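Numbering starts at 1 and runs along the sequence shown. Note that the structure is a prediction, hence the values are computed from the model and not measured.
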Amino acid sequence: VIAKVETQDGSVKEVLATRSGFIVLHEKGLKEGMEIDEVMEESTIAVIDDQHSEVVPHGGGTIVYAPPQSTFKEWLVETNEIVNKHQPVATIECADGVIRNETAVRSGVIRKRQEGLQAGMEIDKVCEDDSLVVIGRLPALQSNPGMAPVLADGVFREWKVDVGVEVQKDDPIAVIEHDDGEKEVLLAPKAGTIYSKQEHLVNGSEIGNTLEDGDICVIGRFVEMHPAWTEKGVEAPPGAIFKEWKVSKEAPVETGDVIAEVLIPKNIIPEDVDIDEHGTSKPAGQNPATGRRLTQDTEWVTHEVK
């Protein structure tokens, strides 16, 4: 029995297999109560073949094969599951009786598997070939404006960072190896926090075959600080460039102490700030003899953050 349907006179009829073999296709979209003539172009609800079709890779997929004359035991992965290189994907019994796990030849996503295989089936007899699963490339990492993806090509060797770690520009990110055997240390293109990375890259992963986009990690902005209710945040003005700290962590400060110095364009200086003869911004009226207010100048000036 393939399925049950209700005829126009209200009776229930069993739809029987028209031949021996395996269900290689069936209309998964059919739900109880649907009128078949209204939702399908024709009345074929399933296809039977004497063998399962081979799993065909698309978009750079890689096939994992079972050895000849082997018997299927069980699946160890699901479709759309992300796997690491060398991770077991299925258990089979070889012709000599040895039971072993077939493993992923690279990191990636399980795009397809031979869904019709069941425990005890002789793979050669029920499948067109010995293909078990197709492993596709890992999807590109997500990023937002202001973030910087780190791209690479070659063979991955090791990570130098973890997600959540703060890095400075030119800090080491990862080590890769090129075709000529030369190793390269990838450097951070900007300062920030490691927002995400391709966690499933392992030593020996070929980046071009493993990743859709070649991005091994994404560097985001520094994590936002959230002062507790007893604390007070110190904010830099918009568009500022950091210059230097004037205090260290745990140092005691008083109201009005300078915390840091930043550079800001003269044309965005707040209305209540003047500029002294050294190009340093001061609160308006602090130095009336030398202070001057420039709103159109594009030069950068030092601003004290308090």
Evaluate the side-chain contact (heavy atoms from CB on, under 4.5 Å) criterion for residues V15 and V5: first the C-alpha distance (whole Å), next the side-chain angles of each, then the deciding distance (0.1 Å), finally the verdict. CA-CA 7 Å; V15 179; V5 298; 4.1 Å; yes
With side-chain hydrogen bond (donor to acceptor under 3.5 Å, both in side chains) as the test, would you mind laying out the steps for S70 and E102 before giving the verdict? CA-CA 11 Å; S70 58; E102 295 303 310; over 6 Å; no
Determine, stepwise, if the pair D213 / R137 fulfils salt bridge (Lys or Arg N to Asp or Glu O under 4.0 Å). CA-CA 9 Å; D213 209 22; R137 292 187 174 101; over 6 Å; no
Take E177 and R157 through the test side-chain contact (heavy atoms from CB on, under 4.5 Å) and record every step on the way to the result. CA-CA 7 Å; E177 184 175 328; R157 287 305 175 198; 3.0 Å; yes
I would like to know whether K243 and T302 meet side-chain hydrogen bond (donor to acceptor under 3.5 Å, both in side chains); could you show each step before the answer? CA-CA 8 Å; K243 184 177 180 182; T302 300; 3.2 Å; yes
Please test L132 against I123 for side-chain contact (heavy atoms from CB on, under 4.5 Å), starting from the C-alpha separation and ending with a verdict. CA-CA 9 Å; L132 293 173; I123 298 175; 4.0 Å; yes
Give the C-alpha distance, both sets of side-chain angles, the deciding distance and a yes or no for side-chain hydrogen bond (donor to acceptor under 3.5 Å, both in side chains) between T62 and R106. CA-CA 8 Å; T62 301; R106 64 177 175 87; 2.8 Å; yes
Could you go through L186 and I216, starting from their C-alpha distance and side-chain angles, then the distance that decides it, and tell me whether this counts as side-chain contact (heavy atoms from CB on, under 4.5 Å)? CA-CA 10 Å; L186 298 177; I216 65 169; 3.4 Å; yes
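Across all non-hydrogen atoms, the minimal contact from T79 to R111 is CG2-O, 3.5 Å. Contact detail for I219 and P189: the closest heavy-atom pair is CD1-CD, 3.6 Å. Pairing each heavy atom of I63 with each of S131, the nearest pair is CG2-CB, 3.5 Å. For L138 against V109, the heavy-atom pair with the smallest separation is CD2-CG2, 4.1 Å. Closest of all the heavy-atom pairs between V89 and W75 is O-CE3, 3.7 Å. Counting all heavy atoms, side chain and backbone alike, W245 lies closest to I259 at CE3-O, 3.6 Å.
Using a 4.5 Å heavy-atom threshold, the side chains of L141 and P149 count as separate. Between L201 and T210 there is a side-chain heavy-atom pair separated by less than 4.5 Å. Using a 4.5 Å heavy-atom threshold, the side chains of I92 and T71 count as separate. Residues I264 and V301 form a side-chain contact, since some pair of their non-hydrogen atoms from C-beta on lies under 4.5 Å apart. The shortest side-chain heavy-atom distance between P67 and D130 does not fall under the 4.5 Å cut-off. Contact check for D124 versus D129: no side-chain heavy atoms found under the 4.5 Å cut-off. At least one side-chain heavy atom of R100 sits less than 4.5 Å from a side-chain heavy atom of C94. In this structure the side chain of I207 reaches within 4.5 angstrom of the side chain of I176, judged on heavy atoms.
Atom NZ of K232 and atom CD of E235 lie 8.0 Å apart (nearest 0.5 Å). Note that the CZ atom of F156 and the NE2 atom of H200 stand 12.5 Å from one another [nearest 0.5 Å]. Rounding to the nearest 0.5 Å places OG of S107 at 5.0 Å from CG of N84. For the atom pair K4 NZ and E6 CD, the distance stands at 12.5 Å (nearest 0.5 Å). Rounded to the nearest 0.5 angstrom, N80 CG and I110 CD1 are separated by 9.5 Å. Distance check: H178 NE2 to E184 CD gives 4.0 Å after rounding to the nearest 0.5 Å.
Other residues, nucleotides and ligands contribute at most 12 non-hydrogen atoms within 6.0 Å of the CD atom of E206. The environment of D96 atom CG is dense: over 12 non-hydrogen atoms of other residues, nucleotides or ligands sit within 6.0 angstrom. No more than 12 heavy atoms of other residues, nucleotides or ligands lie within 6.0 Å of CD in E182, so this atom counts as exposed by the packing criterion. Within 6.0 Å of NZ on K160 lie no more than 12 heavy atoms contributed by other residues, nucleotides or ligands. Crowding of E158 atom CD: a count of heavy atoms from other residues, nucleotides or ligands under 6.0 Å exceeding 12. Other residues, nucleotides and ligands contribute over 12 non-hydrogen atoms within 6.0 Å of the CZ atom of F72. The neighbour count for E166 CD, taken as heavy atoms of other residues, nucleotides or ligands under 6.0 Å away, is above 12. More than 12 heavy atoms of other residues, nucleotides or ligands shown are found within 6.0 angstrom of CD on E244.
Hydrophobic cluster membership is shared by M121 and V133, with clusters built from Ile, Leu, Val, Met, Phe, Trp and Tyr side chains linked at under 4.5 angstrom. Hydrophobic cluster membership is shared by V150 and V167, with clusters built from Ile, Leu, Val, Met, Phe, Trp and Tyr side chains linked at under 4.5 angstrom. When the side chains of ILVMFWY residues are joined at heavy-atom separations under 4.5 Å, either directly or via intervening members, V258 and V253 end up in two distinct hydrophobic clusters. V161 and V218 fall into different hydrophobic clusters, defined by Ile, Leu, Val, Met, Phe, Trp and Tyr side-chain heavy atoms under 4.5 Å apart, directly or through other members. Cluster membership for I173 and L211, using ILVMFWY side-chain heavy atoms within less than 4.5 angstrom, is shared.
A salt bridge is absent between D257 and K246: the closest approach of a Lys/Arg side-chain nitrogen to an acidic carboxylate oxygen does not fall below 4.0 angstrom.
A donor-acceptor pair under 3.5 Å is formed between the side chain of Q198 and the backbone N or O of P139. Here the side chain of K85 pairs no donor or acceptor atom with the backbone of G108 at under 3.5 angstrom. Of the possible donor and acceptor atoms, one in the side chain of T7 sits under 3.5 Å from a partner among the backbone N and O of S11. Using a distance-only test at 3.5 Å, with no hydrogens or angles considered, no donor-acceptor pair links the side chain of D215 to the main chain of C217.
Under a 4.5 Å side-chain heavy-atom cut-off, the cluster of Ile, Leu, Val, Met, Phe, Trp and Tyr residues that includes V175 is completed by V185, L187.
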